[in-house]
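One structure below.
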Amino acid sequence: MEKQISDKLFTLSLIILVLFVSGLTGCRILGGNPNESLGEGITPGSISEIAPVSLARSVSFRIILPERPAAGENYSGSVMPAIRAFSLASVTVTFQLVLVNPGVATAPTTTLSKTVPVDASGTAVATFSAVPALSCIGNVSITNGQIGSYTDFHGAQDLLGNADNVISLSPIGSKLPDDVLAQTLKRILSSKPELFQKITGIVKWAAKNLATVDYNSASVYDSAEKICLDSASVWPVVSSFKPMRAMSIGGNFGGNATAFKNVPDTFVQALASDNLNWVGIKLSIFYDNITDPVVKIRYRPASDTDFTNLYSINDSDLINMVNKFKMKGINVYLSLVFTQTSSNQAGKANTASYCPDPHLIGDPEVPAHSTGSWWGADSIVPELWWWSPSHASHTVNVATFWSSYTQVAVKYAKLCQQLGVGMFGIGEETDRLFRTRTSGRFPSNFRTELSQMVAAIRAEYSGLLTYGQQSLLYDRPLVNGFDTGASSELFKDLGLDVVGISVAYALSNQAVTRVYSITEMETAWASVFNKYLLPLQNNNPGIPIIFSDCGCANTVNAPFFPCDQSGQTYVFSDLNGNGVDDGMEQQAIYFQGLLNTNRTFNYLLRGTICAWSMIDTDPTIANYYLTHRDIQIRGKPAELVISNAYLDLKTISP
């Protein structure tokens with residue numbers, strides 16, 4: 001039973017530790033003097049291996065005491081009597097931060113410590129500079145003084161970058177939640193330090209595990225340690241998932257529509273030569289039009305030679321293709337992707353024959369919140385939108401949709417099991433549909449239907465399950481009609497094995513008209529890691545994150561809009577005068593910056609399925625990709641960048 005402290009809590013802000021960022025960058029925890037000692041044996045060179053992370057704007061300690069003061073004590077008194085001592089002049093306070101070093105197994109933590117006197121007001125302040133936003137344990141120790149009857153306090157927190165952080169401390173041995181949390185982490189640090197390397201956001205992870213601990217138990221510390229260690233023993237820790245060296249070959253569209261029938265051995269060998277260990281293939285699934293709720297597989301009739309009409313991959317072709325990759329030692333990731341029946345929907349707009357863009361399905365209202373014509377929301381007849389709860393066919397059609405979707409997913413799950421496919425994606429970029437929580441934007445959710453589908457898939461398939469969640473869900477949710485709160489817990493709610501993100505991050509807040517330097521691109525990607533990927537990992541502790549789809553066109557504006565000018569005729573441009581087309585160069589730097597940044601973050605991103613390496617062995621198809629701006633990377637500088645980066649990664653994680 002949790003210790004009751006809420007309505008009798010005394011919170012004293014008498015001792016405050018403030019860490020000022022001071023505009024410094026990098027991973028050095030120092031002030032302005034490069035030779036400054038940080039106290040207690042910490043010197044400038046001792047933390048150089050920490051991967052660059054964002055910096056905490058400030059950190060303060062908040063001391064939480066038990067609910068009842070001892071006889072004669074007054075916790076809520078003025079500042080002066082709060083610290084008891086023979087003389088304030090003799091009182092000192094030691095502030096300590098034990099920071100987790102990500103990716104430094106030989107030195108899992110760095111300790112910062114400063115001892116300062118108490119001033120005439122009874123306040124002690126210590127200042128550090130440029131402290132990285134890492135998981136930490138905080139300690140405060142008072143010499144020749146006390147708060148209440150206590151002299152030693154501790155707590156823990158995952159520090160946030162560019163934010164004001166507050167670490168709650170409780171007296172050591174008090175059995176308050178913050179005391180138990182800190183004590184548990186100290187014990188894990190002593191007995192299993194490797195967990196500090198394997199689990200991102202370890203403080204939040206431990207706190208969640210301790211939610212049900214009995215704080216009144218005499219053995220609470222032993223119980224808390226056991227709970228966390230037991231959890232760690234079964235949790236799929238990130239480090240157990242070897243980094244993927246992957247490319248996507250797309251789906252049954254573009255040049256692949258005919259090439260999938262017999263993937264050339266030369267193409268398979270070319271991918272193997274790019275040092276891949278995974279290839280991603282998209283499996284198109286359909287519902288025919290806005291009035292049809294039945295999810296289906298559509299195979300191309302022999303009579304249909306119109307390649308604007310889109311179809312699923314024939315099973316026999318898929319089996320042959322997967323087997324060819326596996327024979328080359330390349331694992332396969334298959335993902336279900338809702339696809340419009342035709343790439344030409346213009347003539348069907350505002351009719352019952354219109355097939356909505358997959359990004360919009362599942363929205364409980366005609367999705368005016370989207371970017372309009374970009375996803376075709378302005379082509380939908382509102383009266384036909386049966387996803388609306390007020391529609392007469394809503395209940396029946398929703399049930400039909402999920403029942404048929406599950407049948408299709410299970411059919412492919414069985415095939416994945418048969419072929420030994422390593423990972424199966426149950427959907428991609430349908431975040432109005434894949435939502436497990438209610439929110440302001442979405443008053444209902446599909447958690448029950450999704451959970452039933454996952455259970456049916458797991459009954460047939462023993463490999464890894466994921467979903468390709470759109471990065472816009474976190475990057476620019478409102479402008480695109482999403483609500484982060486509806487889907488941010490999806491992977492945990494469904495018990496998925498891998499967090500998949502389909503990438504469309506804006507690396508610039510305005511249009512780009514010049515080629516970035518490598519350093520600029522790395523800085524832009526580091527912002528994405530700090531702002532989105534680190535919090536995503538903290539919210540999904542132990543679950544590996546991959547970019548299930550990541551690419552950009554060979555265009556200068558790719559950092560702002562990755563698909564800008566895609567499909568436009570290629571015209572050589574060399575504004576920086578280095579002899580390389582600016583768009584080709586920008587595309588290569590885009591990937592170089594991403595892969596470099598991931599390395600500095602100790603491969604926080606466990607896989608990058610770079611898009612795309614379409615099957616371009618048909619001369620006509622190859623010529624198109626070389627004469628048009630496109631996200632295809634085959635034969636472009638970006639392919640060499642990826643191949644070289646994968647070769648380096650191959651030596652680290654074969």
Are side-chain heavy atoms of [X] and [Y] found at a separation under 4.5 Å?
X      : Y      : result
Asn277 : Ile330 : no
Ile501 : Leu536 : yes
Ile633 : Met247 : yes
Phe591 : Pro637 : no
Tyr333 : Thr466 : yes
Pro243 : Tyr646 : no
Leu450 : Leu494 : yes
Phe601 : Leu533 : no

Using modelled atom types only, decide if a donor and an acceptor are shared between the side chain of [X] and the backbone of [Y] within a distance under 3.5 Å.
X      : Y      : value
Tyr505 : Val528 : no
Glu428 : Leu336 : no
Asp317 : Ile313 : no
Arg432 : His359 : yes
Trp278 : Ser248 : no
Gln592 : Val641 : no
Lys324 : Val263 : yes
Ser342 : Thr308 : yes
Gln345 : Cys355 : yes
Arg629 : Asn554 : yes

* To do: Report yes if the distance between the aromatic ring centroids of Tyr311 and Tyr299 is under 6.0 Å, otherwise no.
  =>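 When the ring centroids of Tyr311 and Tyr299 are compared, they turn out to be at least 6.0 Å apart.
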
* Are the ring centres of Phe338 and Tyr405 closer than 6.0 Å? ->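 Yes - the distance between ring centres of Phe338 and Tyr405 falls below the 6.0 Å cut-off.
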
Could you tell me whether [X] and [Y] have a side-chain N and a carboxylate O separated by less than 4.0 Å?
X      : Y      : value
Glu585 : Lys636 : no
Arg435 : Asp493 : no
Arg245 : Asp274 : no
Lys328 : Asp265 : no

Quick one: [atom1] on [X] to [atom2] on [Y], what's the gap to the nearest 0.5 Å?
X      : Y      : atom1 : atom2 : answer
Asn576 : Ser517 : CG    : OG    : 11.5 Å
Leu594 : Arg599 : CG    : CZ    : 11.0 Å
Asn596 : Ile589 : CG    : CD1   : 11.0 Å
Phe434 : Ser487 : CZ    : OG    : 10.0 Å
Gln340 : Asp288 : CD    : CG    : 12.5 Å
Leu647 : Leu640 : CG    : CG    : 10.5 Å

Tell me the closest heavy-atom pair linking [X] and [Y], and the distance in Å.
X      : Y      : answer
Val410 : Ala456 : CG2-CB, 3.7 Å
Val421 : Asn331 : C-OD1, 4.2 Å
Arg606 : Pro544 : CG-CB, 3.7 Å
Leu276 : Leu271 : CD1-O, 3.4 Å
Ile457 : Leu465 : CG2-CD2, 3.8 Å

Around atom [atom1] of [X], are there more than 12 heavy atoms of other residues, nucleotides or ligands at under 6.0 Å?
X      : atom1 : value
Lys326 : NZ    : yes
Lys296 : NZ    : yes
Lys414 : NZ    : no

* Please list all pairs passing the salt bridge (Lys or Arg N to Asp or Glu O under 4.0 Å) test where one or both residues lie in residues 454-472, with sequence neighbours left out. =>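 Output for this query lists Arg458-Asp497.
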
For residues 564-573, please give each side-chain donor-acceptor pair under 3.5 Å, one per line with the distance, not counting sequence neighbours.
{"residue": "Asp564", "atom": "OD2", "partner": "Asn557", "partner atom": "ND2", "Å": "3.2"}
{"residue": "Ser573", "atom": "OG", "partner": "Asp582", "partner atom": "OD2", "Å": "3.2"}

Modelled atom types, side-chain donor and acceptor of [X] and [Y], under 3.5 Å:
X      : Y      : result
Asp431 : Tyr467 : yes
Ser643 : Glu639 : no
Glu429 : Ser502 : yes

* Asked: Which one of Leu310, Leu283, Asn252 satisfies the side chain to side chain contact (heavy atoms under 4.5 Å, CB included) criterion with Thr339?
  ->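 Of the listed options, the one satisfying the test is Leu310.
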
* Asked: For Asp306, what residues pass the salt bridge (charged side-chain N to carboxylate O under 4.0 Å, His left out) criterion, not counting sequence neighbours?
  ->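 Counting only residues at least two positions away or on another chain, Asp306 forms no salt bridge (charged side-chain N to carboxylate O under 4.0 Å, His left out).
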
* Not counting sequence neighbours, which residues clear salt bridge (charged side-chain N to carboxylate O under 4.0 Å, His left out) with Asp475? List them please. =>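 Asp475: no salt bridge (charged side-chain N to carboxylate O under 4.0 Å, His left out) contacts found.
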
* **Residue list, side-chain hydrogen bond (donor to acceptor under 3.5 Å, both in side chains) with Glu489, at least two apart or on another chain** =>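 Partners of Glu489 by the side-chain hydrogen bond (donor to acceptor under 3.5 Å, both in side chains) criterion, ordered by chain and then number, come out as Lys492, Asn539.
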
* Under the side-chain contact (heavy atoms from CB on, under 4.5 Å) test, which residues partner Ser303, sequence neighbours left out? ->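 If we apply the side-chain contact (heavy atoms from CB on, under 4.5 Å) test to Ser303, skipping adjacent residues, the hits are Pro301.
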
